[in-house]
Protein chains: 2
Amino acid sequence: MTETANQEEPREIILKISLKLFTQKSYFKTSIADIARETSISSGSIYHVFKNKEAIAQALYDDLMERMDDSLAEIRRTHKTVADRTRAVVDLLFTLTEDAPEVMRFLLLSNYREFLPTEKSLSSSPAFEGFKEILSDGIKNGDIRRMNPATAYASFYGTILESIRMSLEGLLEKPISAYNHELWDSAWRAVVRR
Amino acid sequence: MTETANQEEPREIILKISLKLFTQKSYFKTSIADIARETSISSGSIYHVFKNKEAIAQALYDDLMERMDDSLAEIRRTHKTVADRTRAVVDLLFTLTEDAPEVMRFLLLSNYREFLPTEKSLSSSPAFEGFKEILSDGIKNGDIRRMNPATAYASFYGTILESIRMSLEGLLEKPISAYNHELWDSAWRAVVRR
DNA sequence: GTCTATACGCCGATAGAC
DNA sequence: GTCTATCGGCGTATAGAC
C-alpha cells in the first residue's frame, strides 16, 4: 500500500461514480465527460487508469461478480440443507437490493450484455450457476420434487428476481426484506417435494 | 386505402426492420443509416415517416402493447376461471416467444425504458396490470391463497418471464412450449390455495 | 414522398506539457 | 500520474432538388 490510509484511490472513485451514472442514466448516455465532472478527475486521468469506457464497465462487473461468488462460497460453508441455503441466497440478494441497489440495478436492469458483449447472461454467470446447483442438489436428495432443473431455477429464482425488479422500480410498498419470508415461502412451494 | 394491395407500407417495413435491429444489436448501436440500408429506404424518407429515432421505438412499443392488450381482452372473454385464464396467458406469452421472439426480446431484454424514458416498466404496463388483476381476482374468489398480490404476481409471472428469458438466451434444450404444462404447474403451485 | 448531400454536435480517445 | 487541449469520426437530423 503506497497510499496514506483513508485516501480513496482514483480507480475506486471512478468505479463508484460510474456505477451510479450507468444505473441512473444508462451506460450509453453516460459520457466520459460526465464521469470526469462527477469524480473531479480529468478525462485524461480516467484514461490513464482504464483503457477505455468499456473497461470501466468490465471492472465493475468483475468486482460485483467476485463479491457474489465469495458470498455464495460463504453460504455453502455455513448452511447445509437446501432450504437453509436458498434462504441465505434470498437474504443475500434482498440485502444487496436494499444496501446497494445500484449493484442490483446493474445486474438486473442495465442489460449489461449490450456493452459487455463477451459476458454471459446473469443466469449463466458462475454465481447464478451456483444458485442453480443448490436446487439441483435438492432434486438429487429429494428435498425438491423431481422436475426439470431449468424449471426449478425459473420458478424459484424467477420469483425472487422479479420481486427484486419490482422493488427497484418502486412497485413495493415496503422494503423488500419485509417480504422475505413470504417470498421465500412462495418460491419454495413451487419446487418443494409435496 | 390509397395503396394497391400487397404493397407493404414504408412505415411497416421500417418498423419490422427496426425491431429486428434493435433486438439484434440494441437500440443505441443501431443507426438510422443501418435502418436505411436494411430497408432500402433512404434516411431522408425515414425521417419523413418518423419524427426521429425515438419515435420509431415508440411506435414499435405502442403496436406491441396494443396487440398484447387485445390478446388479454380476448382471453378474458373466452376463459372464465383463474386457472384457465392464467393458462391462456402463459400460452400467449410462450407462443409469442416462439413465433415472434423479437417481440419478447424487445419487451424483456431490450430495457426499452432507456430509450423510451416516459414508458412504464413492463410489470406496470396495462397488459401486465391485467395479468396481475387475473391473480387478484383469484385471491378474492379463493382459487388463490390469501397472499400479497405483489407476491402472487412475482411468483407466477416471475416464473414465466424468467423461463422466457432463458428460452431467448438459448438456455433451454427444447422450444419453450414443450415446458408449457410443467411451467404453468410450477407457477400455479406457488399461488394455488392448498 | 423519395432521394442525395451535408451541417453540426457530441463523444471516445490521444497528445503532450507539467 | 495529473492535467488541458484537441482530433477524428460517427450519427442524428435537416435542406432542398426532383
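All of these numbers come straight from a predicted model, not from anything done at the bench. Just so it is clear: chains get the letters A, B, ... in the order the sequence lines come, proteins before strands, and each one is counted from 1.
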### Query
In terms of side-chain heavy atoms of A:His48, which of C:dT2, D:dC3, D:dG1 is nearest?
D:dG1

### Query
Just how far, in rounded Å, is C1' of D:dT4 from OH of A:Tyr47?
15 Å

### Query
Nearest-Å distance, CZ (B:Phe50) to C1' (C:dG1)?
15 Å

### Task
Using the closest heavy atom to pick a nucleotide of DNA chain C for each, name whichever of B:Ser43 or A:Asn52 lands nearer the 5' end.
B:Ser43

### Query
Nearest-Å distance, CZ (A:Arg11) to C1' (D:dT2)?
19 Å

### Message
Please determine whether a side-chain nitrogen of the Lys or Arg among B:Glu102 and B:Arg105 lies less than 4.0 Å from a carboxylate oxygen of the Asp or Glu.
### Response
no

### Message
Closer than 4.0 angstrom, basic N to acidic O: yes or no for A:Asp185 and A:Arg87?
### Response
no

### Task
Between C:dA13, D:dT12, D:dT2, spot the one nearest the side chain of A:Ser42, thanks.
D:dT2

### Message
Just the rounded figure in Å: distance from C1' of C:dC10 to NZ of B:Lys53.
### Response
14 Å

### Query
Atom CD1 of A:Ile32 and atom P of D:dA5: how far apart are they, to the nearest Å?
19 Å

### Task
Look at the side chain of B:Pro10 and decide which nucleotide, out of D:dC3, C:dT2, D:dA13, has an atom nearest to it.
C:dT2

#### Entry: Short side-chain donor-acceptor distance under 3.5 Å, A:Ser31 and A:Asp34
yes

### Task
Give A:Ser31 one of three labels, base, sugar-phosphate or nothing, depending on what nucleic acid heavy atoms sit under 4.0 Å from its own.
sugar-phosphate

### Query
Looking at A:Ser45, does any N or O in its side chain come under 4.0 Å of the phosphate oxygens OP1/OP2 on D:dC3?
yes

### Query
Are a donor atom and an acceptor atom from the side chains of B:Trp184 and B:Thr86 found within less than 3.5 Å of each other?
yes

### Task
Please figure out whether A:Gly44 or A:Lys29 has its closest DNA chain C nucleotide nearer the 5' end.
A:Lys29

### Message
Just the rounded figure in Å: distance from C1' of D:dT12 to CD of B:Glu54.
### Response
13 Å

### Task
Provide, to the nearest angstrom, the distance between the NZ atom belonging to A:Lys51 and the C1' atom belonging to C:dA13.
11 Å

### Message
Between A:Asp143 and A:Val192, does the side chain to side chain contact (heavy atoms under 4.5 Å, CB included) criterion hold? Intermediate values first, please.
### Response
CA-CA 6 Å; A:Asp143 289 350; A:Val192 66; over 6 Å; no

### Task
Measure the distance from CD1 on A:Ile35 to C1' on C:dC11 and round it to the nearest whole Å.
12 Å

